[in-house]
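As structure tokens, the structure follows; a few thoughts come after it.
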Amino acid sequence: MPSPGPPCQSPRHHAHDPHRTSRRRQGHPGGAPRRPAPHPPHLQRRHAAGRGQGGHGARRRGRRLHEGRQAGARRGRDRDDPRAHRPPRRRRRLHARRLPAHDPAGRGPVGGHDPRRLHPRPRRPHRGPRRADRRARRRPPQRPGHRPDLPPDVRSAAARGRRPPRPPQGRHRGGDPAAPGQVPRRDRAHRPPLRGPGRAPPGRRRRHPRRGHRPPHRRPRELIMASYDHQAIDARWQERWARERTFATPTDRTRPKYYVLDMFPYPSGSGLHVGHPKGYTATDVVARARRMMGYNVLRVMGWDSFGLPAERQAEKENIHPRVVTERNVATFKQQLSRLGLSYDWDRELATSDPRYYRWTQWIFLKLWERGLAYQAEVPVNFCPALGTVLANEEVKDGKYIETGDDVERRLMKQWMLRITAYADRLVDDLDGLDWPAGTLAMQREWIGRSVGANVDFAVVGHDARVQVFTTRPDTLFGGTYVVLAPEHPLVDAVTTAAQRAAVAAYRAEAGRRSERERTSEAADAPKTGVFTGAYAENPVTGQPIPIWVADYVLATYGTGAVFACPAHDERDWAFATRFGLPIVEVVRGGDVTQAAYTGDGVHVNSEFLDGLDNAAAIDKVIGWLVERGRGEKSVRYRLRDWLFSRQRYWGEPFPTIELDDGTVKVLPEDALPVLLPELDAYKPTADGRPPLARAGDWMVTTDPATGRPATRETNTMPQWAGSCWYYLRFLSPDRDDVAWDPDEERYWMNVDLYVGGSEHATLHLLYARFWHKVLHDLGLVHTREPFQRLFHQGMIHKPSFKDARGKYYYDHEVEKVGERWVVKATGERVETRNEKMSKSRYNVVNPDDMCDEYGADALRLYELFMGPLEDGTEWATDGVSGCRRFLDRAWRLAVDDETGGPSGKLADTVVGDQRALERALHAAIKRVSEAVDNLRMNVAIADMMVFVNEATRAATVPRDWYEQFLRILSPFAPHVAEELWERLGHRTSIQAAPWPTWDEAKLARDVITIAVQVQGKLRGTIEVAADAAEAEVLAAARAEPKVVEFLAGKPIKREIYVKGRLVNLVV
RNA sequence: GCGAAAGUGGCGGAAUUGGUAGACGCGCUGGAUUCAGGUUCCAGUGGGUAACUCCGUGGGGGUUCGAGUCCCCCCUUUCGCACCA
């Protein structure tokens, strides 16, 4: 898909972050191998870091040094990196001990003594940076992420960024000069010196994030405690999953299948931001849960890797687009890998790989064979800035939707695909799909099928007829004039001498206005037009009516001519009123002197149509016209054929040649793939031909059939081509003899769940459906539609800061002064808006940073916890830490903070009355199970939190219940879940454990609370047995003291009882 | 302009689809633990009020015993479409 998150796309964005680009370049000299090595991500990382001098960590640190006053302190702390001189392991371990949680009930693993007494130096969680440290570093006032306090938002810097230190707790700090409100808590200068050598350095990982600088040996396992070591655990399980091929696609065919697919990304140079993984995480939860539920799951990832940005970047750096692409893919893959997504990486594919695009070319041959591909001299949208043509769909308001570059009309010979031949099926087959209603509507609208009639109007005094298309032939009796588009071929012929000058002037004027102006200036602009002096004969009344020329009639739609019925069409009404043309009512229902009436109604003034409603009148009049040869039924579409060529290098070459006599023919299948030639430049040639024309040797060829000289096509296919069928290639990506294996296709298709952004609602999804239907007609796929269920994840937003010139700033470059935001350096005012995250808006949050700091599981949870999957929400890094705390609590249920061993909290049996805990467990199982279907992940996570809170409060937790919980947690937080599962003694992956089931009976309560209302207002609650009879409940309600008070002795007129919910007493 | 969706605490969001508004998380307040920061744990947290209570789901009407939920009008935001005959 060209643009997963549109903004990452444009090459101009690269310029904004030279650090990153250069860092990447250093880290991956020569790009990454195409078939990635099977190394787990963390290992790859190490390699990468090892290669670049200094490694990425150093580089990044260097960058941060510029970021403000925190830098000095940070650097200082780096210097006494305690890891440099670690104490012997044993001692470390003692220091690393975590205090046992306070146990109010006096039970638990605390034992007879308090280790604190033995160790004057308190230990702190060994793992995981402490929150304050993180916060301080992560978002010093000048750091990004820190300004959630947008103008309307009151939780401002005062509350967060500039929060005063906690007031002294008692007298210790009574005399502290650092009085509350004066000294930012994060100011390290005021911190007492801390921690001995055993202390784990807080924030360590942040300063030496993933690349390089890893400690020479791994932290011993027993030290992984209360706050679990996410770095070690994430890496360990990712490595293990890769080694054991845990997510390999199953080959047995006895189980039901589930094909869950993410819209594959265009690997832009900007890398991922936290907006990308939202959909991927959701599908990962579905995939992991479905596996546990016994499904064979196909879960794959690939790259939509042809495309303009790589080509432009290649020009800029003077390297091959392939190199740029490989570099970007390596970055994307590395970032994705850290999230622990359960892809079968063996099936990774890239559309720019000749092994892939060979088959894209092959499908083109099929389209050709079916007569669906043709060349035509057509007016195209040419974008001079890009040097290429664009499909209609890629142009909006005269600009390229991706970059905003201007687009103009030109006549050029182009490849076209006859998608219009499938228009009806593309509309009709939408009916069986489980897609968002809005997307279905957009597709229907885009295809724009309208059913109506072609009607012929004879021109008075000429041997010519004007054919019009109309959806309302029933209003022909109200047709009081005819309008031709300015470009209509009959204009010249019919215009009278007297009107010739006026018409010519009008046409010249209309010609000067671009199509864009004419359409986008919209319906509200006053209508313009000019009379031709000619008349046409109304085919039903026989009356002569004037012929006008007006640009509200489009030359490109229908027949370029309409008959006007001002009484029942708003545009005609506006035009007729302006130019004093007659308005004749033919459908009752409105006041046509005031406005057009477009609704249904009884026909009048219409002779043989009188008394009929719209539908019946339409039928009847068409029959009447057909009988007399004056018209016919007709269906028109807004959809046009698909302009399928681009004047670019980095795309699929067409498998076609042109012979010396101008004949165009396709190459045979065995000539595939037609490889892209190597070039030394990727710009168009001096004479304006596409870049491929630079490859003289490649271009000149012979017709394999006849041996005659021929030239190759120098256009390439658009980026949509590769994404039209990738879901099929995933079925057998390693086969070179077929595009996909038919048996695999029969088993796996169609895609059960397809998740991606709504920006593809029309383009990609329409094109892919079109190809799929062609393949279906060829017997190559067995389903009519490719994507049974579609879901759009919402966009993630963050505040952006922009000055009057449109320049964006990072949030650490601005500050809030009073109610306004200004640039720190210059004091210039900036405007702030919540915008979708993108590199170009300087408001991205990098998932790598989140993984470093909170771990992949916390990030995954937060992505889904933020809100409904389909909604856009504002990113709040604090929310990630909340999810991390939830995981920590879940961890502590099983793992003792003190020893790193079993917590002792897990019991073999139920102890006492634990029905509340059991209810929470079953509620969570139910909610999570349902979420796998309805994708309401946020509430599912909330219910798991309830269980953990409940379990934390409990003295003991039945081990079996805890394990059930771990299993439902595992799709969301797989690393932690696997680790805990293993620590509980399981040898096999939690992925192999069956999905737990819930019991509705366990969700019930014996005693329920009933709300009691008087006059509909809540006055009290009563507790009754769940199975209490109505009379009993009502009696209890009437007896409730508060209720008695509000009844005030008045007679009860009515008693309403909603079982299990409430009682309402009406007096 | 047309169409669709949505407006709920300081914030992100719940609410069994007409039945106790504010689940869960963030933030905040207090307490315990701590030399201390942090962590962890406990308690609190829609607004007004000393309290009784009253007011609260964008605004205004309405239906109903009962409305965040249904109906009508208006406002705002987001996304589509933009003279498609």
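Computed from a prediction, not measured in an experiment: that's the story for all the values here. Within every chain, numbering begins at 1; the chains are lettered A, B, ... in the order of the sequence lines, protein sequences first and strands thereafter.
Only the P atoms considered, B:G56 is 10 Å distant from B:G68, to the nearest whole Å. As rounded to the nearest Å, B:U49 and B:C55 have C1' atoms that lie 11 Å from one another. Rounded to a whole angstrom, the distance from the P atom of B:A51 to that of B:A43 is 23 Å. To the nearest whole angstrom, the two P atoms, one in B:A23 and one in B:U45, are 10 Å apart. With both ends at atom P, the span from B:G60 to B:G44 equals 33 Å, rounded to whole Å.
A salt bridge does not link A:Lys1059 with A:Glu1030: every distance from a Lys NZ or Arg NE/NH1/NH2 to an Asp or Glu carboxylate oxygen is 4.0 Å or more.
Between A:Phe575 and A:Tyr552, the ring planes lie tilted relative to each other; the angle falls in the 30° to 60° range.
When the nearest nucleotides of RNA chain B are assigned to A:Pro868 and A:Cys883 by heavy-atom distance, the more 5′-ward of the two goes with A:Pro868. For the pair A:Glu445 and A:Arg927, both in contact range of RNA chain B, the more 5′-proximal nearest nucleotide belongs to A:Arg927.
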Walk along nucleotides 43-50 of chain B from 5' to 3' and tag each nucleotide B, S or - by protein heavy-atom contact under 4.0 Å, base first, then sugar-phosphate. --------
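Residue A:Val553 has its side chain nearest to B:A85 when only B:U40, B:A85, B:U20 are considered. Distances from the side chain of A:Asp878 to the nucleotides B:G19, B:C41, B:G27 place B:G27 closest. Side chain of A:Val946, nearest nucleotide from B:C24, B:U53, B:G19: B:C24. In the set B:G13, B:U20, B:G25, the nucleotide with an atom closest to the side chain of A:Asn938 is B:G13.
Using the Watson-Crick or G-U wobble rule with both distances under 3.5 Å, B:G10 pairs with B:C26.
For B:U78, the O4'-C1' to base torsion is more than 90° from 0; the nucleotide is therefore anti.
Two rings, from A:Tyr481 and A:Phe579, have their centers 6.0 Å or more apart.
A search for salt bridge (charged side-chain N to carboxylate O under 4.0 Å, His left out) contacts involving A:Arg1005 returns nothing, not counting sequence neighbours.
Heavy atoms of A:Asn949 sit under 4.0 angstrom from primed sugar atoms or phosphate atoms, though from no base atom. Across all strands, A:Arg449 comes closer than 4.0 Å to no nucleic acid atom at all (heavy-atom distances).
In this structure a side-chain-to-backbone donor-acceptor pair under 3.5 Å is present from A:Arg860 to A:Phe972.
Residue A:Arg1019 contributes atom CZ, which lies 14 Å from atom P of B:G66 at whole-angstrom precision. Atom NZ in A:Lys527 sits roughly 14 Å away from atom P in B:G1 (whole-Å rounding).
You won't find any donor-acceptor pair under 3.5 Å spanning the side chain of A:Lys1053 and the base of B:C65, going by distance alone.
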